[in-house]
Amino acid sequence: MLIVEDEPRYLESTRLLLAQHVQAIDTAITAGQSFALLMQNSYDLALLDLHLPDGNGHEIMAYIREHQPDCRVIIASGDSQIDAAIKSLRMGAYDYLRKPYEPEDLINTVRNVVRKLELERENVRMAQQIEQSEQWHRLLVNTSPDVIYTLDARGRFTYLNDSIQRTLGFMPGELVGRDYTTIISHDQAETAQHHFNERRTGERATRNFELLLRRKDDLLSSLTERTSDQRIVVELSSMGMYRPARMGLGMGEFLGTYGVARDISARKQAEATITFQAYHDLLTGLPNRSLFKDRLGQAMVHAKRHGQTMATLFLDMDHFKVVNDTLGHLVGDGLLQALAQRLRDCLREGDTLSRIGGDEFMLLLPHIRSRDNAAYIAQKIISSLKQPFYVEGHELYAGMSIGIAIYPDDGDNIETLIKHADIAMYHAKDHGRNDYKFFTQDLHKSFTGRLAIENEMRHALEKKEFEVFYQPQVAVESQRVRGMEALVRWNHPTRGIVSPTDFIPIAEECGLITPISEWVMDEACRQAQLWRSDVLPKISMAINLSARQIEHPQFVEKFMHCLRQHVPDGHGIEIEITESTLMRDIDGAISKLRKLADMGVEISIDDFGTGYSSLSYLKKLPINTIKIDRSFIHDLTGHMNNGSTIVAGIAAMAKGLNLKVVAEGVETQEQLDYLKSLGCDIYQGFFYSRAVNAEAATEILTRNQA
Ligand code: C2E
Ligand code: MG
Ligand code: MG
């Protein structure tokens, strides 16, 4: 504070009087002194005497107005003229005191000024604080990835942050004033309304719920071009806003709601994909086994309640493995996709088609009136497959074997129905394929036989139930035995001798083929060496190899190990591989077979003519022998026909490639004569001998030697 007073005593007493109410006081007794002080310091308050020896208070006041506009001025003067007072106030004086004044008046006036100043400063500080917090708030709200909004009591937007643009494509201004239902997906209007009303009636608690919103482009596009990715799923929590109730009683007036909505479309999409993958086959997009079972279960509950009949069909593609093995997985996959589509086309809405494994499908027909209905659908499917499929430039035909089980006749639970349809399908396969069969109780018995085989086979090796039989390979010209083919048999304790055609495919499926084959290999090589050391003629030993066996990474090592043990020079050992086995992985097979050939092992192509062999790949392989499949020999009946043309062709081709020809399945003199006329080298068949056990084979060889 600055006090200007030309009367020193008066000045001092005033200073003392105010000292305890003001922080710091400067004093001046002349106008000159006061200007000097005002130039150096700034003051909050000045008490000015109007009459000064070297000027007057109004001049000082004018200076203060100009240079320190925040400084309050109180004029004190003995001048009783009203003009001076008015002039002072007009110039902006805060107050005017007439001398002589009561000390209390002065003190009160000064205290008022101080108090007011303090209030003003507090105000400014608060305003700044508010401004800053508002800036913070705006930043937080607008940079939030979530949509933040307020609605008025009628549900119109009053505020939206910038996120609305990222999320739905609207500028906040485009929505303010519009009803919230503008952006709600139509089918969710009711849900949204429900939640809004809940807030209105005082359900204050915030709660998360999901809503489907519409993007701006969705709003603008017509119904037909609407796509699902224009829909946004948000997780929303909202609260009601109320005017404070009077005296804290009851609920205040509803002002609207505010809330936060988070875009969870990406998460929903990911969840949907995961769920889809968990319940669908990705190649065909069809429901998988678990979803099928689920649907079957539901349909069963429904059928039970309404006393309805339904059908479960088990569909298995015929010879799919051949397509996969010979033309590759790409073609196999393409065929499965095309097949799935064709099957779909045969169905009605409500039917469930599912792919449950490789080439296996299941079909649920929940509404059938009779078995005929199911038969009709099965027949429709089989007929639809008469048209070829075109995959990757190949024309392919797919046959299907279909088994049908009816609820409730053939089973009243999921597992039984599926199992029985499966059994019926096997029956259809046994009966020439590309057909359908209904389940019957008799089938059940024979099928449990098949399952039992798998189980029993697991123990057959350790129980020494396998035995190798030998079938002579005979020279067509001289009728002398040139070799033996090792053919495995299973001496089953109750079934008797089981043929390899009955158990080798099952062994391949369940992986038991490896130990069984290894045992056969070992046994045959041991027997070969035994015969040779008995000074029997140097006959060859042919051993059959399955695809799984060759594909085994250690196949070559295992074979060599076996040879080293029994037949170190490898001489006279022959392996038989079927065409389709070779074609499965031709490059892998070539390198493996070369290694064996280097050991002195000979290689035959078994069942030649049944696969898709071509000369071009035969030349790539280290092959010595071709075995003409017995089906062609079987067709040789006297005169020239289809079978004989093929046999003649194969024989001529083999001669051209300098390969040995072995004819399988020779049963008659007639067949033998014909083979002789073609210049065939070796034959094998019941005509000479069936496959016999080691003892009988030894006898044949001994006789042959004589
Ligand atoms: P494959 O290698 O083509 O064997 C020839 C099959 O024809 C043998 O049947 C044999 O008994 C039969 N056969 C021989 N002569 C005649 C005949 O004059 N008329 C008729 N109708 N059939 C005749 P088998 O022993 O039942 O073997 C069937 C198939 O099982 C074999 O066909 C072979 O692919 C496979 N196999 C047999 N033993 C083994 C083995 O140890 N390992 C592997 N991986 N497969 C084997
Ligand atoms: Mg064979
Ligand atoms: Mg054969």
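Order of appearance sets the numbers: ligands from 1, and atoms from 1 within every ligand.
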Query raised in the report: Looking at CD of Gln337 and CZ of Arg355, how far apart are the two atoms once the value is rounded to the nearest 0.5 Å?
Result: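 If we round to the nearest 0.5 Å, Gln337:CD and Arg355:CZ are 9.0 Å apart.
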Would you indicate which of [options] comes nearest to [atom] when only heavy atoms are counted?
atom: atom 29 (C) of ligand 1; options: Ile516, Thr501, Val468, Ile543; result: Thr501
atom: atom 8 (C) of ligand 1; options: Thr578, Leu487, Asp502, Thr668; result: Leu487
atom: atom 43 (C) of ligand 1; options: Asn544, Ile550, Ile575; result: Asn544

Any nitrogen or oxygen of [X] lying under 3.5 Å from a nitrogen or oxygen in ligand 1? Just yes or no.
X: Ser517; result: no
X: Glu664; result: yes
X: Phe686; result: yes

Query raised in the report: Under the 6.0 Å and 45° cation-pi test, does Arg289 pair with Phe292?
Result: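 The answer is no, since Arg289 fails at least one limit relative to Phe292.
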Please determine if the Mg ion (ligand 2) has an N/O/S atom from [X] lying under 2.8 Å away.
X: Asn544; value: yes
X: Glu485; value: yes
X: Asp607; value: no

Query raised in the report: Taking NZ, NE, NH1 and NH2 as the nitrogens, is one of them in Arg526 or Glu523 under 4.0 Å from a carboxylate oxygen of the other?
Result: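 A salt bridge is present here (some side-chain N lies under 4.0 Å from a carboxylate O).
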Requested in this report: Answer yes when Asp345 and Lys380 have at least one side-chain N-carboxylate O distance shorter than 4.0 Å, and no when they do not.
Outcome: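 No, Asp345 and Lys380 are not salt-bridged.
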Query raised in the report: Checking side-chain hydrogen bond (donor to acceptor under 3.5 Å, both in side chains) against Gln684, which of Glu664, Glu485, Arg630 comes through?
Result: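 Going through the options one by one, the only one that passes is Glu485.
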**Report entry** Enumerated ligand 1 atoms positioned under 4.0 Å from heavy atoms of Gln471
**Finding:**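 Checking each atom against Gln471, I get 14 (C), 15 (N).
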Requested in this report: State the atoms of ligand 1, each with its element, that fall below the 4.0 Å cut-off from a heavy-atom position in Val488.
Outcome: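 Within the 4.0 Å cut-off of Val488, ligand 1 contributes 38 (N), 39 (C), 40 (C), 41 (O).
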Query - Side-chain H-bond candidate by donor/acceptor type, Ser401 with Asp318, under 3.5 Å - result: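 The criterion, which ignores hydrogens and geometry beyond distance, is satisfied for Asp318 and Ser401.
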Query raised in the report: Is it true that the side chains of Asp502 and Ser499 contain a donor and an acceptor less than 3.5 Å apart?
Result: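 Side chains of Asp502 and Ser499: no pair found under 3.5 Å.
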Requested in this report: Looking at Glu576, pick out the N, O or S atom nearest to the Mg ion (ligand 2) and give its name.
Outcome: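 Among the N, O or S atoms of Glu576, the one closest to the Mg ion (ligand 2) is OE1.
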Query raised in the report: What N, O or S atom of Asp606 is found closest to the Mg ion (ligand 2)?
Result: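 In Asp606, the N, O or S atom with the shortest distance to the Mg ion (ligand 2) is OD2.
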Contact partition for [X] relative to ligand 1, non-hydrogen atoms under 4.0 Å:
X: Glu576; result: side chain
X: Gln684; result: neither
X: Asp606; result: side chain

Does ligand 1 have any atom sitting under 4.0 Å from a heavy atom of [X]?
X: Ala691; value: no
X: Arg630; value: yes
X: Arg489; value: yes
X: Glu485; value: yes

Query - Backbone of Val481 reached by a side-chain donor or acceptor of Asn704 within 3.5 Å - result: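 Side chain of Asn704 to backbone of Val481, a donor-acceptor pair under 3.5 Å: yes, one is there.
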